[in-house]
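Report on one structure; see the data block that follows.
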Amino acid sequence: MIIDESSAVLPLWMLIAAAFGFMVGELCGDYYRRWKCLTQANEDLRAELEKTSTAEEPIHEELKYQRGVLHDVHKQITVVSKALEKHPS
């Protein structure tokens, strides 16, 4: 029986090609999986940012109201203190 050397080499090349294809597929799949995970994390962070920025609007309104109240109180204190300076007891 004579064994043809070309037929023995063919399965070796098939094995190498299959291994190379598996490695390339694994790398591409890993990069795609990471990209998809990072995209989802990015969308989650954007949603949190939008939620936070909409929550700040009532805070600004409350601070504006408090500044107005402090300004009104300061005007009343100034009027009383000036009246006390004019009429010391």
Side-chain angles (χ1 to χ4, degrees):
M1 293 209 129
I2 298 176
I3 298 176
D4 188 16
E5 291 181 17
S6 63
S7 64
V9 173
L10 183 64
L12 180 63
W13 283 106
M14 292 174 85
L15 182 63
I16 291 172
F20 180 72
F22 176 77
M23 290 184 337
V24 168
E26 186 68 25
L27 286 174
C28 290
D30 187 45
Y31 285 131
Y32 178 73
R33 186 172 42 251
R34 286 183 184 182
W35 174 77
K36 193 165 186 140
C37 182
L38 289 174
T39 303
Q40 181 63 39
N42 193 13
E43 290 174 5
D44 293 343
L45 287 173
R46 284 184 194 270
E48 284 292 322
L49 181 63
E50 288 176 8
K51 192 186 315 179
T52 303
S53 66
T54 57
E56 288 181 5
E57 292 303 320
I59 293 173
H60 289 298
E61 292 297 322
E62 182 65 27
L63 288 174
K64 185 177 178 182
Y65 172 73
Q66 288 178 1
R67 279 194 300 265
V69 169
L70 287 174
H71 181 68
D72 293 342
V73 168
H74 181 262
K75 284 195 301 188
Q76 294 296 324
I77 291 173
T78 305
V79 170
V80 171
S81 62
K82 285 184 179 179
L84 289 175
E85 288 176 3
K86 291 181 182 177
H87 303 291
S89 303

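What you see is a predicted model, and the numbers here were worked out from it, not measured in a lab.
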- Please identify each residue that fulfils side-chain hydrogen bond (donor to acceptor under 3.5 Å, both in side chains) with Arg46, with sequence neighbours left out. none

- Message: Do Gln40 and Asp44 have side chains that approach each other closer than 4.5 Å (heavy atoms only, starting at C-beta)?
- Response: yes

- Item | Residues that Tyr31 engages under ring-ring contact (aromatic ring centres under 6.0 Å, His included), provided they are two or more places apart | none

- Item | From OG1 (Thr39) to OH (Tyr32), nearest 0.5 Å | 8.5 Å

- side-chain hydrogen bond (donor to acceptor under 3.5 Å, both in side chains) with Glu26: which residues, sequence neighbours excluded? none

